[in-house]
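Below, chains carry the letters A, B, ... as their sequence lines are ordered, and counting in each starts from 1. Everything numeric in this text was worked out from a predicted model, so none of it was measured. Note: hydrogens, waters and symmetry copies are ignored here, and every other heavy atom, side chains too, is used.
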Protein chains: 2
Amino acid sequence: MNTLSYGLLSLLAQSSYSGYDLMLRIQPFWPAKHSQIYPLLAKLEQEDYIRFELVPQRDKPDKKVYSLTGKGQEALKDWFDQPTAEPALRDEMMLKVFCMSYADRESARKMLADRLAYHKEQRRKYEHKLAELKEREGWPEAGLPAPSHPLFGAYLLTRKAIMSNETNTEWCKWVLSLLPEAD
Amino acid sequence: MNTLSYGLLSLLAQSSYSGYDLMLRIQPFWPAKHSQIYPLLAKLEQEDYIRFELVPQRDKPDKKVYSLTGKGQEALKDWFDQPTAEPALRDEMMLKVFCMSYADRESARKMLADRLAYHKEQRRKYEHKLAELKEREGWPEAGLPAPSHPLFGAYLLTRKAIMSNETNTEWCKWVLSLLPEAD
DNA sequence: TAATCCATGTAACGGGTTACATGATTGC
DNA sequence: GCAATCATGTAACCCGTTACATGGATTA
């Protein structure tokens, strides 16, 4: 049982999903490819943390819809009380910034402009997600969801993503302002 | 040539370092263990990106002090102009937050309090680093270093770390305020 | 006397990416 | 016609961590 396994169980605590769905939904929290997820799901199913139901579809390939077992629910609770690993951020840009004084101005400006565009696009997605959350059934008419609400966690994470996005955007703009365009 | 390789070259663009030094200094930007770094350095040396000088020491083991070759400098410049990979953040806590509504209040509060303590400790380190930078020779008497200054990048990164730290701290406090202690 | 720092390395293993493989449907 | 989306899987490879290995100096 590694972190990705628990991540999949966390998603399944909310609702049942196909492997493909899980792969898409886990990306913001723990990037992983389908080639990593499918074998893991098979293993988790064999060890009775999850089970699946084969769902035939018209006009689309059949799918396996996974859900948590009792053992899976217990494993999740136990994991929650274990000490949490420190966050790990790997960003190639940070290495490039470190040696920025040795590169030319235009390259540096382009790198930052690209990152700024990336943040802008991410921001759009987060706002979309927030809007989506607010349209889900059970969302309170006014204010935030209560801590016991199933969407509480998703809301907190979307807010976190937006806050970080704003800070990163601000940093990019600040650095660009220190690198005026050459005439 | 992977990202870590370029990271090591970036550090060596600033100054010569031993493998041990490189291992310590690359941590904030690209976490890596000595067991990954030593073989990489050997490979980079074989392929003529870097060279080393054996420096005997009294009261300490001898060390290999690495520096960039001309080929290494060129490789760095080429790399700088290549498209930059998107940042990847892996944080176990985000997965736990996602399923927070299924855990008990006390566990959740403890998790966030632990993370808050982690951020506080990190903050202390960043401030220390900033103070250290400002004491380095060549640091301007007033204002920031110019973009051509060798310490420009390190300064930007330290500022970025502090900005992110503030945002993360704020988020933790906000979430804790939503989870009042049980009586 | 035990732990930590400096300093270097190798071996085994698990985590993660890329590529290979298949196939129907929908939209440009 | 080509790319993307849905849907699942395997194989090869690279990246990263843990553990094994050594050894003197300093510090608690």
So does Lys64(B) get a side-chain nitrogen or oxygen closer than 4.0 Å to the phosphate oxygens (OP1/OP2) of dG9(C)?
yes
Trp171(B) six-ring face occupied by Lys160(A) cation (under 6.0 Å, within 45°):
yes
Between dC6(D), dT17(C), dG16(D), spot the one nearest the side chain of Arg90(B), thanks.
dT17(C)
Given dA19(D), dG16(D), dC6(D), the nucleotide with the shortest approach to the side chain of Lys60(A)
dC6(D)
For atom CG of Leu22(A) and atom P of dG9(D), their distance in whole Å:
12 Å
Determine, stepwise, if the pair Tyr20(A) / Arg25(A) fulfils side-chain contact (heavy atoms from CB on, under 4.5 Å).
CA-CA 9 Å; Tyr20(A) 188 81; Arg25(A) 285 174 193 272; over 6 Å; no
Is the distance between the ring centroids of Tyr17(B) and Tyr66(B) less than 6.0 Å?
no
Check every atom of dT17(D), dC6(C), dG16(C) against the side chain of Lys33(B) and return the nucleotide holding the closest atom.
dT17(D)
Given dC15(D), is OP1 or OP2 found less than 4.0 Å from the side-chain N or O atoms of Trp30(B)?
no
Would you please confirm or rule out a distance under 4.0 Å between OP1 or OP2 of dA25(D) and any side-chain N or O of Arg58(B)?
no
Separation of dG16(D) P from Ile37(B) CD1 (nearest whole Å)
10 Å
Can you tell me the distance, in whole Å, between the CG atom of Leu8(A) and the C1' atom of dG15(C)?
14 Å
Should the pair Lys77(B)-Asp81(B) be classified as a salt bridge under the 4.0 Å nitrogen-to-oxygen rule?
no
Let me know, please, whether Gln57(A) or Ser35(A) comes out on the 5' side of the other along DNA chain D by nearest nucleotide.
Gln57(A)
Of all the nucleotides listed (dA7(C), dA19(D), dC6(C)), which has the minimum atom distance to the side chain of Leu24(B)?
dC6(C)
Please tell me which of the listed nucleotides, dG9(C), dA7(C), dT8(D), lies nearest to the side chain of Lys63(B)?
dA7(C)
Could you tell me the separation between the CD atom of Glu86(B) and the C1' atom of dG16(C), rounded to a whole number of Å?
16 Å
Output yes when at least one side-chain N/O atom of Gln36(B) is less than 4.0 Å from OP1 or OP2 of dG16(D), else no.
yes
Quick one: are the ring centres of Trp30(B) and Phe98(A) less than 6.0 Å apart?
no
Upstream residue (5' side of DNA chain C) when Asn2(A) and Ser18(B) are each assigned their closest nucleotide:
Ser18(B)
Nucleotide of dG9(C), dT26(D), dC6(C) approaching Tyr20(B) most closely (side-chain heavy atoms)
dC6(C)
I need the NE2-P distance between His34(B) and dT18(D), as an integer number of Å.
12 Å
Spacing of Leu40(A) atom CG relative to dG16(C) atom P, expressed in whole Å:
9 Å
Whole-Å distance separating the CG atom of Asp62(A) from the P atom of dT5(D)
21 Å
Figure out the CG/C1' separation between Asp21(A) and dT8(D), and round it to whole Å.
13 Å
